[in-house]
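What follows is a set of notes on a single structure, which appears directly below.
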Amino acid sequence: MKHTILLATLLPAVLATATASAAPAANGEKVYQATCMACHGTGVMGAPKVGDAAAWKPRVAQGMATVYGNATKGFKMMPPRGGNPGLKDEEIKAAIDFMVSKSK
């Protein structure tokens, strides 16, 4: 009986954690498609294309904090927040994580 009560108490927390863990990847893909794909899908103005491991490797080597900061503040031809001032920091990070995961 104790185990059943304990399981019933913990199960919602475990499921919520699993759902929260899965959300950033899906959210990152949505942000990429809505904001980032125009440049990072084509490589326009020197943007590293998604899937181009050689282009992403030196950026990632600088550390993800630098990559996130460049996206947030703007870098070279890329405007701050990819030109979408409404993006939250977490959304920017999720989009970058998505692009990097597809570029290894």
Side-chain angles (χ1 to χ4, degrees):
M1 180 78 167
K2 283 184 188 180
H3 295 356
T4 304
I5 293 171
L6 180 61
L7 181 59
T9 305
L10 293 177
L11 189 56
V14 169
L15 291 175
T17 302
T19 302
S21 298
N27 187 34
E29 185 174 4
K30 285 182 183 179
V31 173
Y32 165 75
Q33 289 175 351
T35 302
C36 312
M37 187 169 63
C39 297
H40 289 282
T42 63
V44 70
M45 295 188 285
K49 289 174 59 174
V50 171
D52 184 348
W56 282 96
K57 187 175 182 176
R59 289 163 172 85
V60 172
Q62 295 176 9
M64 292 306 290
T66 299
V67 179
Y68 298 144
N70 288 342
T72 302
K73 298 173 190 166
F75 186 74
K76 295 185 180 181
M77 299 299 290
M78 184 178 125
R81 300 184 179 280
N84 184 347
L87 286 178
K88 296 178 177 134
D89 289 352
E90 306 85 51
E91 292 171 314
I92 292 169
K93 288 179 181 179
I96 292 168
D97 291 342
F98 170 79
M99 290 188 283
V100 169
S101 74
K102 298 294 182 184
S103 304
K104 291 183 177 183

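Just so you know, residue 1 is the first one in the sequence shown, and it goes up from there. Being a predicted model, the structure only gives us computed values, none of them experimental.
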Measure the shortest side-chain to side-chain distance between Tyr32 and Asp97 over non-hydrogen atoms and say whether it is less than 4.5 angstrom. no
For a 4.5 angstrom cut-off between non-hydrogen side-chain atoms, does Glu91 reach Asn27? yes
Euclidean distance, Arg59 CZ relative to Asn70 CG, rounded to 0.5 Å: 9.0 Å
Carboxylate-amine/guanidinium proximity below 4.0 Å for Asp89 and Arg81: yes
Minimum-distance pair of heavy atoms, taken over all atoms of Ala95 and Cys36: CB-SG, 4.0 Å
Minimal non-hydrogen separation, Pro79 against Gly83, with atom names: CG-N, 3.4 Å
Ile96 side chain near Met64 side chain, heavy-atom distance below 4.5 Å: yes
Answer whether the closest heavy-atom distance between the side chains of His40 and Met78 falls below 4.5 Å. yes
Between Tyr68 and Phe75, is there shared hydrophobic-cluster membership here, with clusters defined by ILVMFWY side-chain heavy atoms closer than 4.5 Å? no
Atom pair OG1 (Thr72) and CD1 (Ile92), whose distance is rounded to the nearest 0.5 Å: 4.0 Å
